[in-house]
There are 2 protein chains.
Amino acid sequence: MTDRHYGVHGEFRDLLCSKNIKPSYQRLLILEYIMKNKNHPSAEIIFKNISRSVPTLSRTTVYNNLNIFVRKGILSSIKTNKSETRYDIIEIPHAHFYCLQCKRIIDVDLKIPLYRKNSIQGHKIEEVQVQFRGTCRNCFNKKEKKTKNVL
Amino acid sequence: MTDRHYGVHGEFRDLLCSKNIKPSYQRLLILEYIMKNKNHPSAEIIFKNISRSVPTLSRTTVYNNLNIFVRKGILSSIKTNKSETRYDIIEIPHAHFYCLQCKRIIDVDLKIPLYRKNSIQGHKIEEVQVQFRGTCRNCFNKKEKKTKNVL
DNA sequence: GTTTAGATTGTACTTATTACAATATTGTAG
DNA sequence: CTACAATATTGTAATAAGTACAATCTAAAC
Ligand SMILES: [Mn+2]
Ligand SMILES: [Mn+2]
Ligand SMILES: [Zn+2]
Ligand SMILES: [Zn+2]
């Protein structure tokens, strides 16, 4: 909105410009949110959090811009068990662990040659997603404790 | 429905029984469809195809039973770019290629040690999904042809 | 300051899926 | 065989995530 505000987001501003996306106020806020909260948020979570400080924000704006960011290769969209889409910054390739209990998506560093292939069995690869599903460390420990208490 | 019909599906019948699922007429048809059409169908596709011969079939039955099959470990649910869930038999582990053009999900044989791990970084793994996205061989060739014609 | 392209907003709509209650089918015990 | 209980199926209504679209707003170029 103001020049001062834009100044604060210099880094994100440059990223958007480099991808030919006009760095609007809302776009910067959305990008900033994802960059600073690397927890693979959904559109709804992003909307709720930003609209606390910007009550005029529209859900449509969030959806629109997330789609633009994905198309332009800034974000990747992650689908889990549930029906909602979640978002992650595209930077160094990594895998994800989706916890069926707490619904968190946890980064998993995994060095596999897969990420470098640009075609497989004749099909042209644009993106690779490796997703584990199960019970995360936290939830597993909690369950263990409960079991012990019962004994 | 009839004993005769059950007989035809002996193999699928046994599979369901072994998982403690009652082998109802509808369940056998759904399982049979997925087993015989290994093209990762959606609930809607399964519904449309089976209801051609069984017009009384309800969408809810299809959804219910697909969910049961997933919970019991007979099927895995695959999420793509689009919002619909697609289904695959759990047998030998393999990866998938999702074509962004024709929306087909193509099996990719990929021998990676990943499949055998049962935990990663302390998180308990129940399932691994490797999904490539891009343009499949078919669609890529079609595009090539078009480009040639233009020249 | 006007113009104009593009961004945002709010509402209505779509699509996939689930909740739920009524009905139907099955398997079992008398 | 018949009655009963347990489970499955069905149809409708509801939900949830996301998209279409038209009106309004913004910004930056002239
Ligand atoms: Mn991540
Ligand atoms: Mn497959
Ligand atoms: Zn967890
Ligand atoms: Zn294709």
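A, B, ... follow the sequence lines: proteins, then strands. Residue 1 opens every chain.
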Just the rounded figure in Å: distance from [atom2] of [N] to [atom1] of [X].
{"X": "A:L16", "N": "D:dA27", "atom1": "CG", "atom2": "C1'", "result": "16 Å"}
{"X": "A:K79", "N": "C:dT17", "atom1": "NZ", "atom2": "P", "result": "11 Å"}
{"X": "A:F47", "N": "C:dT8", "atom1": "CZ", "atom2": "P", "result": "14 Å"}
{"X": "A:K82", "N": "D:dG18", "atom1": "NZ", "atom2": "P", "result": "12 Å"}
{"X": "A:N20", "N": "C:dA5", "atom1": "CG", "atom2": "P", "result": "18 Å"}
{"X": "A:I50", "N": "C:dT8", "atom1": "CD1", "atom2": "C1'", "result": "14 Å"}
{"X": "A:R71", "N": "D:dG18", "atom1": "CZ", "atom2": "C1'", "result": "14 Å"}
{"X": "B:K103", "N": "C:dT15", "atom1": "NZ", "atom2": "P", "result": "15 Å"}

Quick one, [X] and [Y] - any side-chain contact, counting heavy atoms below 4.5 Å?
{"X": "A:E127", "Y": "A:Q129", "result": "yes"}
{"X": "B:N138", "Y": "B:C102", "result": "no"}
{"X": "B:I125", "Y": "A:T135", "result": "no"}
{"X": "B:K124", "Y": "B:N118", "result": "no"}

(message) Can you see if the side chain of A:T85 gets near the phosphate of D:dG18 - specifically, an N or O under 4.0 Å from OP1 or OP2?
(response) yes
(message) Can you see if the side chain of A:Y63 gets near the phosphate of D:dT19 - specifically, an N or O under 4.0 Å from OP1 or OP2?
(response) no
(request) For each nucleotide in nucleotides 4-15 of chain D, reading 5' to 3', give B when a protein heavy atom comes within less than 4.0 Å of its base, S when such contact involves only the sugar-phosphate, and - otherwise. (result) ---SSSBBB---
(message) Check B:K79 with B:E84, please: is the shortest side-chain N to carboxylate O separation under 4.0 Å?
(response) no
(request) Would you tell me whether A:H40 and A:D88 have side-chain atoms, one donor and one acceptor, within less than 3.5 Å of each other? (result) yes
